[in-house]
Amino acid sequence: MHLSTTIENCIARRQQLASQLAPGIVIIPTSKELARNADTTYPFRFDSSFYYLTGFNEPDAVFVQIIGENTVQNILFCRPKDEEREIWDGFRYGPSAAADTFGFDIAYSLDDIDSKMVELLKNQPRIYYPLAKEMRWDRQINRWLSSVRALVRTGINAPDTIVDVRTVLDEMRLIKSDFEVGILRKAGLINAQAHIRAMQFTQPGQFEYQVEAEILHDYYRQGCRAPAYNSIVASGSNACVLHYGENHAQMRDGELLLIDAGCELHGYASDITRTFPVNGRFSGEQKAVYDITLAAQYAALEQCKPGNTWNAPHDAATQVLAQGMIDLGLLKGSLAEVLETESYRQFYMHRTGHWMGLDVHDVGAYKVDGQWRQLKAGMVLTVEPGFYIRPAANVPSAFENIGIRIEDDVLINETSHENLTASCPKTVAEIEATMAG
Ligand code: GLY
Ligand code: MN
Ligand code: MN
């Protein structure tokens, strides 16, 4: 992907943001590099909103936008050029090249940020920034604001309103452009291939981390430099731990393996879960629970269309799962009673999805004016029902420790949806054939 295409998109988003805000100053910082230990750092990951507006991938930078009645100025603060540091740590743009390359009206060195920000804040009516996201930025903005307030007797006005910029920005990020959909589609394909590789590799006696290595290998090989979140490779009873991440168990014949793993491509996530038998063949009980979960996922997918509410897929999946729990003899009572008392939560305790984009759990409100919002073309969400059977008095031993989740990523389009991860095998027959191959 060409940097220039990314930047064109970022410039359009800056204009779109400004057009939705009353005059004032927007301040959006990126992340900092985090120490892992001693002199080593975690791999740097930009702040998603900062990157969405700038395309700039260096730590510690700050995006500033000055919105006047009829003018917009886009400013970047970034690390200065530094020959010595660049010998050790690599290239950095520096303000001048960063402004040219990334389409800013002007860029300044971070060394000057305190004095420049006080200048920029003078006489601004309001500040837009991600309020209460990071304490250090709340404090920093308060410090700059106090410096401006100290000048009021010279006739300078300080901003008197702080607005959370996310109210507008998150709604922009919620609706994906064709450019973003192209990346998400490709991430979905890469991720599906990695899950297929995992299915074909898995055998009794291997360790969960060996399967994880196969998945990460496929991500890296295809240009995804990081997973979008920590991979869950959970065999046997570990599959009933929703956020299991140790991935250190030896896999045994007869167990299921639940893999929830996603790659990140150009900043965008993919998020697939597949569950399959370690030995390549589902047992009768495993198949029964699997097919109920799959039917729940199909029912949820059917609800993924414009005009339906956010909650419709969850309600559809929950109904199918609850009926399945009754049919298997795990729960007593009628479907209405099980739904009313939420007794199904013993085996299905999470929701059926989340928005997905630059963040795997992406931004955007789920309710508007107190009501579940309507699905709309351009929204991307996951559909991920699960069925987790921990040992309990009402659980026959044959069902104990079966844990299943099936997760795909879906783009809402004008008429229904596109499954971005459809190329990953999902039915019992498809999975068994893939593993046999
Ligand atoms: N892997 C995170 C999720 O599925 O929500
Ligand atoms: Mn997932
Ligand atoms: Mn998910």
Side-chain angles (χ1 to χ4, degrees), residues 45 48 173-174 176 184-185 187-199 208-209 211-212 214-216 218-219 224 226-235 238-247 256-265 267-276 290 293-294 296-298 300-301 303-304 310-314 316-318 321 347-364 366 375 379-388 403-412 417-426 431:
R45 170 52 155 77
S48 296
R173 281 178 52 190
L174 177 59
K176 274 65 180 178
L184 287 160
R185 242 183 225 131
L189 284 174
I190 293 172
N191 198 13
Q193 281 178 22
H195 279 258
I196 291 171
R197 184 185 176 99
M199 286 177 196
E208 293 164 347
Y209 54 76
V211 181
E212 181 182 16
E214 293 299 309
I215 290 175
L216 295 177
D218 240 34
Y219 292 166
C224 299
Y229 54 91
N230 294 335
S231 311
I232 297 170
V233 182
S235 60
N238 296 333
C240 296
V241 179
L242 297 179
H243 290 164
Y244 176 75
E246 286 167 298
N247 301 353
L256 290 176
L257 179 64
L258 181 156
I259 300 181
D260 183 346
C263 51
E264 185 173 291
L265 181 68
Y268 288 82
S270 172
D271 184 5
I272 296 180
T273 307
R274 288 292 183 267
T275 309
F276 55 88
Y290 190 90
T293 315
L294 185 59
Q297 207 224 17
Y298 285 140
L301 286 168
Q303 296 301 318
C304 293
W310 160 260
N311 213 38
H314 178 67
T318 304
L321 287 166
F347 306 110
Y348 183 44
M349 59 300 280
H350 61 74
R351 295 192 57 83
T352 303
H354 49 82
W355 305 130
M356 195 192 76
L358 282 167
D359 295 333
V360 63
H361 289 186
D362 210 24
V363 295
Y366 291 92
L375 299 174
M379 293 175 171
V380 172
L381 60 144
T382 66
V383 180
E384 48 178 308
F387 197 151
Y388 314 94
I404 291 166
R405 182 163 62 254
I406 306 171
E407 175 174 30
D408 284 302
D409 307 335
V410 155
L411 164 73
I412 303 296
H417 68 264
E418 173 185 335
N419 185 341
L420 303 172
T421 48
S423 57
C424 194
K426 191 159 69 173
I431 288 173

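One-based numbering, in listed order, for ligands and for the atoms of each.
Rounding to the nearest 0.5 Å gives a distance of 4.0 Å between OH of Tyr298 and CG of Leu294. To the nearest 0.5 Å, atoms NE2 (His354) and CH2 (Trp310) are separated by 8.0 Å.
Judged by distance alone, with hydrogens and angles left aside, the side-chain atoms of Tyr229 form a donor-acceptor pair with the main-chain N or O of Gly262 at under 3.5 Å. Checked by atom type and distance alone, the side chain of His417 never pairs as donor or acceptor with a backbone atom of Val410 at under 3.5 Å.
His361 lies apart from the Mn ion (ligand 3) in this respect, since none of its N, O or S atoms is found at a distance under 2.8 Å. For the Mn ion (ligand 3), the N/O/S atoms of Glu384 include one lying under 2.8 Å.
Ring geometry for Tyr366 versus Trp355: interplanar angle under 30°, hence parallel rather than tilted (30 to 60°).
The Mn ion (ligand 2) lies at the vertex of an angle of 110° between the OD2 atom of Asp260 and the OE1 atom of Glu407 (rounded to 10°).
Residue-level check: among N/O/S atoms of Asp271, OD1 sits closest to the Mn ion (ligand 2).
A side-chain donor from one of Asp408 and Thr421 sits under 3.5 Å from a side-chain acceptor of the other.
Listed by number with element, the atoms of ligand 1 under 4.0 angstrom from any heavy atom of His361 are 2 (C), 3 (C), 5 (O). Distances below 4.0 Å separate heavy atoms of His354 from the following atoms of ligand 1: 3 (C), 4 (O), 5 (O).
Heavy atoms of Arg405 come nearer than 4.0 angstrom to ligand 1 in no pair at all.
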